[in-house]
Colleague: 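First, the structure itself, so that you have it in front of you.
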Amino acid sequence: MSTGPFVAGLKCSGNVFWGFSSFAWQRGTLQLIAINLITLHNILEYMLNILLYCILTCLNVFFPNLDFSWSTELEQNLKDVFQLSTFRPLQLKAINLSMSGKDLFLVMPTGRGKSLCYQLPAVCSEGFTLVVTPLVSLMEDQLMYLKSIDVEAVSLNASSSKEHAKMVLAEMTDSKAPFKLLYVTPEKIAKSKLLMSRLEKAYNAGRLSRIAVDEVHCCSQWGHDFRPDYKLLGILKRQFPKVPLLGLTATATGSVLKDCQKILCVPEPITLTASFNRTNLYYEVRLKDSNSDDSVSDISALIKERYKDQSGIVYVFSQKDAETVSADLQGKGVNASPYHANMNPEDKSQVHRKWATNKIQVVVATVAFGMGIDKADVRFVIHHTISKSIENYYQESGRAGRDDKPADCIVYFGFNDIFRISTMVVMENVGQQKLLTMVDYCQNVDRCRRSVIAVHFDEVWDDEGCNEMCDVCRHGNDYITVDITQHAKDVVQIVELAGSLDEKLTPLKVTEAWMGKGPAKRRKMIQTTTLSRLEVEAIITSLLLQGYLSEDFSFTPYTTYFYLKLGGKAPLLKNQSHSITMKMRRTGLDANTVSTTQQTVQESFSVPGKDQRRKEIW
Ligand SMILES: Nc1ncnc2c1ncn2[C@H]1C[C@H](O)[C@@H](COP(=O)(O)OP(=O)(O)OP(=O)(O)O)O1
Ligand SMILES: [Mg+2]
Ligand SMILES: [Zn+2]
């Protein structure tokens, strides 16, 4: 199957071709530099190189998939087996590189068809392809699909029966074994010596044709979904160095990819990257009222009206939320079912299957129902609670519109949710930072939502590329810049007062104190406000994002508490000329209201001891 550098360069479009021709160019250039030694022969050779370069470029442009020994079979199987008429961008290039034996990282948006880049080569190769996937749901999704197109595939995971595992392990070295793809979890690679020894045998028998590591960002703890067992996958390339490895992801930054490369022991992979932009997805953020759970009523109305009879997912924060939100939606007449990691495997498979076949309209799921889930006609992905990072959001919302038709991605952004998630991610590497970027995505009213995602993935972005497919671009300049300096001082004063009494305040306490709830004594010591709750929450969130407030965690053996403390920029407020602004939707906060709604109180008042005061005030 291997081809010499010249053949690979001639036949393959893109990187390999470029590698060859730049090499040729450099050679010609060097020959020219050694001008003293010029002979007619050298000049001719140089000109020939240029000519060859031009011919190859033309061939590359007009016949990008110029015959490899496998090209005809690829085309045929694409049509006959996968029932697809053409390749999507980068697919053919990735497949040809992998078929040429190259190690490859493929970074392509959600739903653009990364799986085909190992499924099709598997069908066109001898032996089988080993596919590592992080989730059983993802594995099942692919097995279900492959079965429907008559491609033989098997899996090994924690819930495989002994008999099934025995059969698969035996067939791995059997040249008559029918399966073309073997799906395993990383845990299996890390923990099953038996599996590794069978793989070794299959490798020696030339039956291990390719290794695909799906969701490869899970290797890196800088990625958004680090799986400790992915860290051990380096064993694959060490044990099977001649087998080409293909790492696939939709959500890896450059530094994450570098880390993955090291962990997987792939010395010089070729990386193919496509733009993150999913042009058919409409991104929208809606505010969630913390006083009531109107969001569920709102979501059920959306599903029953705008998305009537259309398939979708509602993402929630916890297993408990999956159960309650699903029950609430059912109560409102929506055909919904919960999905979370704690359900037994059969129930999970059943929900997944019923949803895939449109017997259930909506899955109310935790992130357990995420990566790789592939249903073509998902018309909406609604987040009842924000995701813990932009990467997670991109992954989860990426379940929508995989058939390239329009689909909506809506987030309900609630103040209290920030802190619920914050306590969950506090132990994760840069977890807080990632969460705040997601909060910034939601709170933002003046930048195209796509631009926030693009910056996050290190991509240069031009707002024209959105085409009004996000609420910010659609609302145009419907925002105002308001001065919140005085508000910031009031909030900081509340946190300072609590600090002086050795008291820690949760965001809820700060909100209520500022809004004038609680003991009369406290109201007399601070400046309260008549702003609405949503406005108060938006300002506190903005102060957190801008660094005037920061998080202060307290740990007990059972739970983690989130408190607010002064942030690094708080002392700047002592400076009279320092001002802070924030941008808000015109329909949200009104500039006039902002500057006139303080209730000046600050009455003098006699103070008892610290402990007594603390009791009375907080
Ligand atoms: N060439 C093609 N033409 C038309 N449809 C295609 C093509 N290739 C793949 N598809 C379809 C099949 C799937 O239903 C859908 C998504 O493919 P899939 O491989 O699951 O995406 P992905 O792996 O890139 O996304 P994710 O990052 O979400 O896992 O695209
Ligand atoms: Mg995938
Ligand atoms: Zn936009």
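In listed order, ligands and their atoms are each counted from 1.
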Colleague: When you check the gap from the basic side-chain N to the acidic O, do D309 and R379 get nearer than 4.0 Å?
Modeller: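 Result for this pair is no, no salt bridge flagged.
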Colleague: Between E126 and R207, does any side-chain N to carboxylate O distance fall below 4.0 Å?
Modeller: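 Looking at E126 and R207, the cut-off is not met.
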Colleague: Counting heavy atoms only, which part of A376 comes closer than 4.0 Å to ligand 1: side chain, backbone, both or neither?
Modeller: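 For A376, there is no contact with ligand 1 at all, from either part.
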Colleague: Kindly state whether the ring of Y339 and the ring of W355 have centres lying under 6.0 angstrom apart.
Modeller: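 No.
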Colleague: Examine Y412 together with H384 and report whether their ring centres are nearer than 6.0 Å.
Modeller: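 No, the ring of Y412 stays outside the 6.0 Å limit from the ring of H384, centre to centre.
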Colleague: Please work out whether any backbone atom (N, CA, C, O) or any side-chain heavy atom from C-beta onward of L78 is under 4.0 Å from ligand 1, and answer side chain, backbone, both or neither.
Modeller: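 Answer for L78: neither.
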Colleague: I want to check a possible cation-pi pair here: R449 against Y441, using under 6.0 Å from ring centre and within 45° of the ring axis as the test.
Modeller: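 R449 over Y441 ring: yes.
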Colleague: State which residue, out of Y283, Y307, Y282, fulfils the side-chain hydrogen bond (donor to acceptor under 3.5 Å, both in side chains) condition with D408.
Modeller: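 Between D408 and the candidates, side-chain hydrogen bond (donor to acceptor under 3.5 Å, both in side chains) is satisfied uniquely by Y307.
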Colleague: Taking D141 first and then R353, would you say they form a salt bridge - that is, a charged N and a carboxylate O separated by under 4.0 Å?
Modeller: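 No salt bridge links D141 with R353.
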Colleague: Please work out, at 4.0 Å between heavy atoms, whether the side chain, the backbone, both, or neither of S85 comes within that distance of ligand 1.
Modeller: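 Neither; no heavy atom under 4.0 Å.
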Colleague: Are there any protein N/O/S atoms under 2.8 Å from the Zn ion (ligand 3), and if so, which?
Modeller: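 Less than 2.8 Å away from the Zn ion (ligand 3) sit C448 SG, C466 SG, C470 SG, C473 SG.
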Colleague: Under 3.5 Å, sequence neighbours excluded: what are the donor-acceptor pairs made by side chains of residues 273-280?
Modeller:
residue	atom	partner	partner atom	Å
S275	OG	N277	N	3.1
S275	OG	E459	OE2	2.8
N277	OD1	R450	NE	2.7
R278	NE	T110	O	3.4
R278	NH1	T110	O	2.9
R278	NH1	T110	OG1	2.8
R278	NH1	G398	O	3.2
R278	NH2	A400	O	2.7
R278	NH2	G401	O	3.0
N280	ND2	G401	O	2.8
N280	ND2	K405	O	2.8

Colleague: At less than 4.0 angstrom from any non-hydrogen atom of Q91, what atoms of ligand 1 do you find?
Modeller: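 Answer for ligand 1: 1 (N), 2 (C), 7 (C), 8 (N), 9 (C).
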Colleague: Is the closest heavy-atom distance from K375 to ligand 1 below 4.0 Å?
Modeller: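 So K375 does not count as touching ligand 1.
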Colleague: Checking contacts here: is it the side chain or the backbone of M108 that comes within 4.0 Å of ligand 1, counting heavy atoms only? Could be both or neither.
Modeller: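 It is neither; nothing of M108 touches ligand 1.
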Colleague: Which part of R112 is near ligand 1, with near meaning a heavy atom under 4.0 Å away: side chain, backbone, both or neither?
Modeller: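 The answer is the backbone.
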Colleague: Tell me which part of E215 gets within contact of ligand 1: side chain, backbone, both or neither, using heavy atoms under 4.0 Å.
Modeller: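 Just the side chain.
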Colleague: Atom 11 (C) of ligand 1: which of Q83, Q119, R402, R88 has the nearest heavy atom?
Modeller: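 Looking at heavy atoms only, R88 sits closest to atom 11 (C) of ligand 1.
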Colleague: Using a 3.5 Å distance criterion without hydrogens, assess whether the side chain of S100 forms a donor-acceptor pair with backbone atoms of N96.
Modeller: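 Yes; judged by distance alone, with no hydrogens or angles, the pair exists.
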Colleague: Answer yes when D404 and R112 have at least one side-chain N-carboxylate O distance shorter than 4.0 Å, and no when they do not.
Modeller: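 The answer is yes: the pair qualifies as a salt bridge.
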Colleague: With heavy atoms only and a cut-off of under 4.0 Å, state how D374 meets ligand 1: side chain, backbone, both or neither.
Modeller: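 D374 to ligand 1: side-chain contact only, backbone stays beyond 4.0 Å.
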Colleague: Out of all atoms in ligand 1, which are within 4.0 Å of some heavy atom of T86? Include the element for each.
Modeller: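 Counting from 1, the qualifying ligand atoms are 1 (N), 2 (C), 3 (N).
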Colleague: Can you figure out which of G398, G111, A274, G113 has its heavy atom closest to atom 25 (O) of ligand 1?
Modeller: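 It is G111 whose heavy atom sits nearest to atom 25 (O) of ligand 1.
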